[in-house]
Amino acid sequence: MAEVLVYVDHVDGAVRKPTLELLTLARRIGEPVAVALGAGAENTAAALAEHGAVKVLTHDAAEYADYLVVPKVDALQAAYEAVSPAAVLVPSSAEGKEIAARLAVRIGSGIITDVTDLEAGDEGPVATQSVFAASFTTKTRVSKGTPVITVKPNSAAVEAAPAAGTVEALAVTFSDKATGTKVTARTPRESTGRPELTEAAIVVSGGRGVNGADNFAIIEALADSLGAAVGASRAAVDAGWYPHSNQVGQTGKSVSPQLYIANGISGAIQHRAGMQTSKTIVAVNKDAEAPIFDLVDYGVVGDLFDVVPQLTEEVNSRKG
């Protein structure tokens, strides 16, 4: 069976959930070979093997932390040349898409981004995408070279499938461009105790109808009762009510959770583009004609200041 390269997203050896999802998808089209780079790379092997990696290629160097994406592209290219894979899978984060695009240019291959499903085909992997602000679903395959594919978080359920997970050192020679852009400072992200927005199974978002930064407390309370991440529409972010890092939409983050609850969000195309692939969508809006109701699974026509606290109370009572 052909091998499939999987780029590992990890923090000091702790593998992030989107990578485990990639391993699940990779097993549909071949044998997963994971590529783990940077500090703690060798510590990823146990988790990767548990989820299907037959091999784990590792390499650590100061360049991965000190410079931007080019050293990682150099390493992934080295892995590609060593393995000759049937496909290369990368998490669909901002950094992941840049790595994938640079790799595709280097190896002369086609690239497919923001994939939501993947299956084997007679002429190579077939990817499912939501396009044109999630108005259409397409089936796509690369017609030239080895497919380089980025996959959106929450596109597949994580499935354990123990494999050998043999750790091998990856030989990497950095290019002249690897040190072209240096990282001069880092600021740790302030922890909220909530899940990462793009990886969360449940997202609770607020929009213009929240009517103020202080009122986001009721959105946060519902999110906390559900163990969810908090999102915001562009209108709420532009008004300064919530940080840009929490914006969901075409100019913010794209999410695809199991459950998305939109509160006081009209449903403009800009917002829909970032959340329309959610598995179940619930909306609370006092305007019965709001466009958001055209795509929801469940809609509540009512004042969010009445509905959301009652929902939070009900969730908490059932938990208790």
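Considering CD of Gln276 and CD1 of Ile281, their distance stands at 6.5 Å, rounded to 0.5 Å. Note that CG of Asp9 is 10.0 Å distant from CG of Leu20, once rounded to the nearest 0.5 Å. Distance check: Leu37 CG to Leu76 CG gives 7.5 Å after rounding to the nearest 0.5 Å. Atoms CD and CD, from Gln310 and Glu314 in turn, are 9.5 Å apart once rounded to the nearest 0.5 Å.
If you check the side chains of Gln247 and Arg234, you find no donor sitting under 3.5 Å from an acceptor. No side-chain donor from either of Lys253 and Ser245 sits under 3.5 Å from a side-chain acceptor of the other. For the residue pair Asn154 and Lys17, a side-chain donor N or O sits within less than 3.5 Å of a side-chain acceptor on the partner. For the residue pair Gln270/Thr251, the side-chain donor-acceptor check at 3.5 Å is satisfied. The closest side-chain donor-acceptor pair between Lys139 and Thr128 falls under 3.5 angstrom.
Both Val308 and Phe216 belong to a single network of hydrophobic side chains, linked directly or stepwise wherever heavy atoms of I, L, V, M, F, W or Y lie under 4.5 Å apart. Note: the hydrophobic cluster containing Val148 also contains Tyr7 (ILVMFWY, side chain heavy atoms under 4.5 Å, direct or indirect links).
Sorted by first and then second residue, the side chain to side chain donor-acceptor pair (under 3.5 Å) pairs involving residues 84-97 (not counting sequence neighbours) are Lys72-Glu95, Ser92-Asp114, Ser92-Thr150, Lys97-Asp114.
By the 4.5 Å heavy-atom criterion applied to side chains, Leu259 and Ser278 are not counted as neighbours. For the pair Val4 and Leu89, the minimum side-chain heavy-atom distance is below 4.5 Å. The side-chain heavy atoms of Val237 and Asn246, taken from C-beta on, include no pair separated by under 4.5 Å. Using a 4.5 Å heavy-atom cutoff, the side chains of Ile202 and Pro257 are not in contact. Within the 4.5 Å cutoff, side-chain heavy atoms of Phe305 are placed close to those of Asn215. For the pair Val142 and Ile112, the minimum side-chain heavy-atom distance is below 4.5 Å. Residues Asp66 and Val183 fail the side-chain proximity criterion, which asks for heavy atoms closer than 4.5 Å. In this structure, the side chains of Val230 and Ile219 come closer than 4.5 Å at one or more pairs of heavy atoms.
Of all heavy-atom pairs spanning Leu57 and Ala79, the tightest one is CD1-CB, 4.0 Å. The minimum heavy-atom distance between Ser155 and Val115, with the atom names listed, is OG-O, 3.3 Å. Closest non-hydrogen pair, Arg208 versus Trp241, comes out as O-CZ3, 3.4 Å. Here the closest heavy-atom approach between residue Ala273 and residue Gln250 is recorded as CB-CB, 4.0 Å. Of all the heavy atoms in Ser205 and Ile265, the pair that sits closest is CB-CD1, 3.7 Å. When every heavy atom of Lys152 is checked against every heavy atom of Thr116, the shortest pair comes out as CD-CG2, 4.0 Å.
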Just distance, no hydrogens or angles: give the donor-acceptor pairs under 3.5 Å from side chains in residues 287-295, sequence neighbours left out.
from: Asp287; atom 1: OD1; to: Glu289; atom 2: N; distance (Å): 2.9

Please report, to 0.1 Å, the donor-acceptor pairs under 3.5 Å made by any side chain of residues 157-176, with sequence neighbours excluded.
from: Ser175; atom 1: OG; to: Asp74; atom 2: OD1; distance (Å): 3.2
from: Ser175; atom 1: OG; to: Asp74; atom 2: OD2; distance (Å): 3.1

Please table the atom pairs, donor to acceptor, closer than 3.5 Å between any side-chain atom in residues 44-56 and protein atoms at least two apart or in another chain.
from: Thr44; atom 1: OG1; to: Ala41; atom 2: O; distance (Å): 2.6
from: His51; atom 1: ND1; to: Ala47; atom 2: O; distance (Å): 2.8

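Residues forming a ring pair (Phe, Tyr, Trp, His ring centres under 6.0 Å) with Tyr260 (at least two apart in sequence, or on another chain): His271. Evaluation of the salt bridge (Lys or Arg N to Asp or Glu O under 4.0 Å) rule for Glu42 yields no partner, not counting sequence neighbours. Residues forming a ring pair (Phe, Tyr, Trp, His ring centres under 6.0 Å) with Tyr80 (at least two apart in sequence, or on another chain): none. A search for salt bridge (Lys or Arg N to Asp or Glu O under 4.0 Å) contacts involving Asp297 returns nothing, not counting sequence neighbours. Partners of Arg102 by salt bridge (Lys or Arg N to Asp or Glu O under 4.0 Å), not counting sequence neighbours, listed by chain and number: Glu98. By the salt bridge (Lys or Arg N to Asp or Glu O under 4.0 Å) test, Lys177 is found to be paired with no residue, residues two or more places apart in sequence or in another chain being considered. Residues passing the side chain to side chain donor-acceptor pair (under 3.5 Å) test with Asn316: none are found, sequence neighbours excluded.
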In sequence, state the C-alpha distance, the side-chain angles, and the governing distance for Leu304 and Asp306, and then conclude on side-chain contact (heavy atoms from CB on, under 4.5 Å). CA-CA 5 Å; Leu304 70 88; Asp306 294 329; over 6 Å; no
Let's go through Arg28 and Asp117 carefully: what are the C-alpha distance in whole Å and the side-chain angles of both, what is the deciding distance for salt bridge (Lys or Arg N to Asp or Glu O under 4.0 Å) to 0.1 Å, and is it a yes or a no? CA-CA 11 Å; Arg28 299 179 185 175; Asp117 199 7; 2.6 Å; yes
Show your working on side-chain contact (heavy atoms from CB on, under 4.5 Å) between Thr19 and His10 and close with a plain yes or no. CA-CA 8 Å; Thr19 296; His10 72 97; over 6 Å; no
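Hydrophobic clustering, defined by side-chain heavy atoms of Ile, Leu, Val, Met, Phe, Trp and Tyr closer than 4.5 Å, leaves Val70 isolated from every other such residue.
None of Val203, Leu311, Val315, Thr312 except one satisfies the side-chain contact (heavy atoms from CB on, under 4.5 Å) rule with Leu226; the exception is Val315.
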